[in-house]
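To start, the structure itself, in structure tokens.
Lettering of chains follows the sequences in order, A, B, ..., and the numbering in each one begins at 1.
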Protein chains: 2
Amino acid sequence: MAKVRHSRFDCSPGCSVEVAIGLIDGKWKSVILFHLLGGTLRFNEIRRQIPGVTQRMLTNQLRELEQDGLVDRKVYAQVPPKVEYSLSPLGRSMEPVLLALKTWGDANIGLYGKPDALRQADVKAA
Amino acid sequence: MAKVRHSRFDCSPGCSVEVAIGLIDGKWKSVILFHLLGGTLRFNEIRRQIPGVTQRMLTNQLRELEQDGLVDRKVYAQVPPKVEYSLSPLGRSMEPVLLALKTWGDANIGLYGKPDALRQADVKAA
DNA sequence: GCCTATAGTGCACAAAAGGATACTGTCATG
DNA sequence: CATGACAGTATCCTTTTGTGCACTATAGGC
């Protein structure tokens with residue numbers, strides 16, 4: 001995959017923000033990380049906790065998180081496959097970010113998480 | 001544009017995280033917001049503070065931030081155009097998120113913000 | 001014997017995001 | 001007269017992201 005999203009070191013002050021956001025962007029990564037805050041989960045456990053994510057997407061996102069060193073992937077060589085995902089120390093260090101995101105979301109979900117009808121009205125009004 | 005990224009209200013606990021991240025995803029939004037924490041800025045001031053962003057991208061991202069109610073856009077009907085961008089109260093409420101991102105990035109930029117050579121080595125090692 | 005669960009992979013396809021470049025119109029400066 | 005600043009648009013292009021479906025292999029339950 002070899003994504004090189006943050007190759008620069010020119011870094012005006014906002015650059016570190018860019019680095020951080022670069023690791024948790026994508027529709028699902030932050031949500032996956034958030035669920036992993038609660039402890040180790042298996043592939044399908046994560047899948048069930050995030051309705052709407054497809055297998056392929058979940059695989060992709062987990063692989064990227066693994067490559068970026070945020071999650072650990074532990075494969076048990078069993079016959080019904082078993083793979084456990086957990087936060088690496090680096091991933092756990094994301095906790096403040098994740099919690100800030102959650103807090104903000106909880107406070108403001110009324111504005112954006114509404115059923116489509118309202119969202120549409122909002123769009124039209126703009 | 002009418003993006004409906006978060007139309008669901010099914011909301012397992014991670015959903016509010018998804019709402020929040022949905023507003024600041026994209027390569028530049030969080031960086032823009034971060035710079036606006038420091039106060040009102042004009043279009044080209046932002047552009048200069050974020051090397052690498054193109055005019056088009058900056059315009060897009062600012063428009064989306066405006067639509068999502070995070071930034072205020074004030075146009076002065078002057079002859080050399082003047083447009084000021086500032087955080088709305090809602091945008092300012094993102095401050096903890098932005099600061100958490102910045103803090104994390106500062107702490108870990110050594111891992112990801114390195115010049116390409118090292119990044120490449122890292123990728124190969126994986 | 002068939003269905004389910006496990007953790008994925010592979011392929012085709014569509015949509016969205018992002019990038020490069022050129023262009024707008026007006027005014028001030030040189 | 002040419003240039004640049006201002007705040008964008010317009011157009012084209014590539015890359016990334018996301019969806020849907022089928023498929024792998026093995027074991028246990030019905």
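Each of dA7(D), dT17(D), dT6(C) was ranked by its minimum atom distance to the side chain of Asn44(A); first place goes to dT6(C). For Met57(A), the side-chain atoms get nearest to dG18(D) when compared with the rest of dT6(C), dG18(D), dC6(D). Checking dC6(D), dG19(C), dT19(D) against the side-chain heavy atoms of Arg42(B) singles out dC6(D) as nearest. In this structure, the nucleotide among dG8(D), dG18(C), dA7(D) sitting nearest to the side chain of Arg63(B) is dG8(D).
The distance from atom CG of Leu41(A) to atom C1' of dT6(C) is 15 Å, rounded to the nearest whole Å. The distance between atom CG of Leu62(B) and atom C1' of dG18(C), rounded to the nearest whole Å, is 15 Å. Atom CG of Asn60(A) and atom P of dG18(D) are 9 Å apart (whole Å). As rounded to whole Å, 17 Å separates atom C1' of dG8(C) from atom NZ of Lys82(A). We find that NZ of Lys29(B) is positioned 14 Å from P of dA16(C), with the value rounded to whole Å. Look at OH on Tyr85(B): it is 7 Å from C1' on dA7(D), rounded to the nearest Å. The separation between Gln78(B) atom CD and dA7(D) atom P is 10 Å, rounded to whole Å. If you take CD of Gln55(A) and C1' of dC11(C), they are 14 Å apart, rounded to a whole angstrom.
Where Thr54(B) and Arg73(A) each meet DNA chain C at their nearest nucleotide, the meeting point lying more 5' is that of Arg73(A).
As judged by a 4.0 angstrom heavy-atom cut-off over every strand, Glu45(B) is placed among residues making no nucleic acid contact. Within 4.0 Å (heavy atoms only), Pro80(A) reaches no atom of the nucleic acid at all. Residue contacts shown for Glu84(B) are absent, as no nucleic acid heavy atom lies under 4.0 Å away.
Residues Val83(B) and Arg73(B) meet the side-chain proximity criterion, which asks for heavy atoms closer than 4.5 Å. For the pair Ile21(B) and Ile21(A), the minimum side-chain heavy-atom distance is below 4.5 Å.
In terms of modelled atom types and a separation under 3.5 Å, the side chain of Ser88(B) and the main chain of Leu70(B) share a donor-acceptor contact. Side-chain atoms of Glu18(A) do not come within 3.5 Å of backbone N or O of Cys15(A) as any donor-acceptor pair.
Looking at Gln61(B), Arg63(B), Arg56(B) one by one, the single match for side-chain contact (heavy atoms from CB on, under 4.5 Å) with Thr59(B) turns out to be Arg63(B).
Look at Gln61(B) and you'll find a side-chain N or O under 4.0 angstrom from OP1 or OP2 of dG18(C). Dashed line: the shortest gap from a side-chain N or O of Arg47(A) to OP1 or OP2 of dA5(C) is not under 4.0 Å. Residue Lys27(A) places at least one side-chain N or O closer than 4.0 Å to OP1 or OP2 of dT19(D).
Evaluation of atom-type donor-acceptor distances gives no pair under 3.5 Å for the side chain of Arg56(B) against the base of dG8(D).
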